Amino acid sequence: MDPRRRPGRLAVGLALVSLAVMAAGLAGCGSDGSGGEGGKLRVVTTVSPITSIAAGVIGDRAEITGIVPEGTNSHTFEPPPSAAAVLSRADLVLINGLKLEDPTRELAEQNAKDGAEIVELGTTVLPESRWIFDFSFPREEGKPNPHLWTDPLYAIKYAAVIRDTMVKRDPANQAAYEANYTAFEQNATALGDAIRKDQQTIPGGKRELLTYHDAYAYFARDYGWKVIGAIQPRNFEDPTPREVAALIDQIKREQVPTIFGSEVFPSKVLAQIGKETGARYEDTLRDDDLPGKPGDAEHSWLGLMRYDYRTMIHGLGGTTPALDALDVRDVAPDRATYPQ
């Protein structure tokens, strides 16, 4: 099996078991509901990039637990019953919002303890006037594209909301949260600067993306790229034969050199489209699946974004010396729990 891939349903099943174990562990400490070990706040997150951003700001000053297994389709994720116990112990629940994790948000609301707070990061930082509706997220369905974390500018805004929320709830550690945020902001800004520098090496300035999973719309708007299409339909299944034929015509018309797939959504259809059009099929983008494993230097939001944008720029014929030189190590101790 390709080591870049997750083992699908088995991994999800094991992750759900791990949630049950985490819930049992939580029940064994701080049983009065006053917080985690040593009186620390308990923070629950959803997708791993948000978990990583939170860990970058919070460090070891709170207990952080993610509940969406890495490599899982977060759009269709249904939290298991064991997640209710984890959420019931949380002092703070950080979700993306923008209608991405509605089942998790509803479960958190149903099980929230007194004084708990649910913060929708994306909904907080993105005014409705700036929502993007597109290929996989049509306006008539009312759910905007939720993938703000793939844009370094919005990741910084997420971190600022986390900082402000933690300072409000845990003022004794204000200095640590502010220092961690500053370091995260500097690293995310360096990432954005490296992207802007390296994208200039793409021949002809053709910063055009044809992706499978539609995860880069906000990045494209802010960094001067063009998303010419997203292959994945709104129901997250493979495209129909008619859609495939239209895609083949588009790829030939646009002279697309590379189709960017997703390791979370493997597709034999895309591989066949690549063969019929001559476009290379790059199937390793990962919008919410951190590289490596917890504890690895690149297992971070910064490592994830560097990986994706190096892959894109190389796929379009460019080079990435600035991104290659980027330090992706965590700015604060990452003690978060990441379901695998």
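These numbers were taken from a predicted model, which means no experiment stands behind them.
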How far does CG of Asp296 sit from CG of Leu290, to the nearest 0.5 angstrom?
10.5 Å
Is the number of heavy atoms from other residues, nucleotides or ligands within 6.0 Å of CD (Glu109) greater than 12?
yes
As an exercise, state the distance from CG of Leu94 to CD of Glu120, rounded to the nearest 0.5 Å.
11.0 Å
Between Asp214 and Phe137, what is the shortest heavy-atom contact and its length?
O-CE1, 3.7 Å
Give, for atom CZ of Arg130 and atom OH of Tyr218, the distance between the pair rounded to the nearest 0.5 Å.
9.5 Å
Test of ring centre spacing under 6.0 Å for Trp225 and Phe219:
yes
Could you tell me whether the side chain of Ser48 and the main chain of Asp288 form a donor-acceptor pair under 3.5 Å?
yes
Got a second to check how far Ile202's CD1 is from His314's NE2, nearest 0.5 Å?
10.0 Å
How many angstroms lie between atom CG of Asp287 and atom OG of Ser262, to the nearest 0.5 angstrom?
5.5 Å
Looking at Arg280, I'd like to know if its CZ atom is crowded, meaning that more than 12 non-hydrogen atoms belonging to other residues, nucleotides or ligands lie closer than 6.0 Å.
yes
Measure the OG1-CD1 distance between Thr104 and Ile67 for me, rounded to the nearest 0.5 Å.
4.5 Å
Quick one: is the NZ or CZ of Arg286 closer than 6.0 Å to the six-membered ring centre of Tyr307, and within 45° of its axis?
yes
Does NZ in Lys99 sit with more than 12 non-hydrogen atoms of other residues, nucleotides or ligands closer than 6.0 Å?
no
Picking from Leu302, Leu323, Leu191, what satisfies side chain to side chain contact (heavy atoms under 4.5 Å, CB included) with Val328?
Leu302
For a 4.5 angstrom cut-off between non-hydrogen side-chain atoms, does Lys226 reach Leu209?
no
Thr51 meets the side-chain contact (heavy atoms from CB on, under 4.5 Å) criterion, sequence neighbours left out, with Thr45, Ile64, Ala336, Tyr338
How would you list, by chain and number, every residue that makes a side-chain contact (heavy atoms from CB on, under 4.5 Å) with Val331, sequence neighbours excluded?
Ala183, Phe184, Asn187
Counting only N and O atoms by type, is there a donor-acceptor contact under 3.5 Å from the side chain of Glu208 to the main-chain atoms of Ile228?
no
Worked check of side chain to side chain donor-acceptor pair (under 3.5 Å) between Thr258 and Glu282
CA-CA 7 Å; Thr258 303; Glu282 172 58 64; over 6 Å; no
Taking the side chain from Lys40 and the backbone from Asp60, do they hold a donor-acceptor pair closer than 3.5 Å?
yes
Is there a donor-acceptor pair under 3.5 Å between the side chain of Arg306 and the backbone N or O of Leu326?
yes
Has Glu117 got a side-chain atom pairing as donor or acceptor with Arg169's backbone, closer than 3.5 angstrom?
no
Stepwise side chain to side chain donor-acceptor pair (under 3.5 Å) check, Thr320 with Tyr309:
CA-CA 9 Å; Thr320 58; Tyr309 293 120; over 6 Å; no
Hey, mind stepping through Asp222 and Tyr154 against side chain to side chain donor-acceptor pair (under 3.5 Å) and telling me if it holds?
CA-CA 10 Å; Asp222 285 336; Tyr154 281 110; 4.8 Å; no
Is there a path from Trp149 to Ile156 through hydrophobic residues (I, L, V, M, F, W, Y) whose side chains come within less than 4.5 Å of each other?
no
Leu41 vs Met166, side chain to side chain contact (heavy atoms under 4.5 Å, CB included): CA-CA, chis, key distance, verdict:
CA-CA 9 Å; Leu41 292 175; Met166 292 303 296; 3.9 Å; yes
Can a side-chain donor-acceptor contact be found between Tyr158 and Asn96 if the only test is distance below 3.5 angstrom?
yes
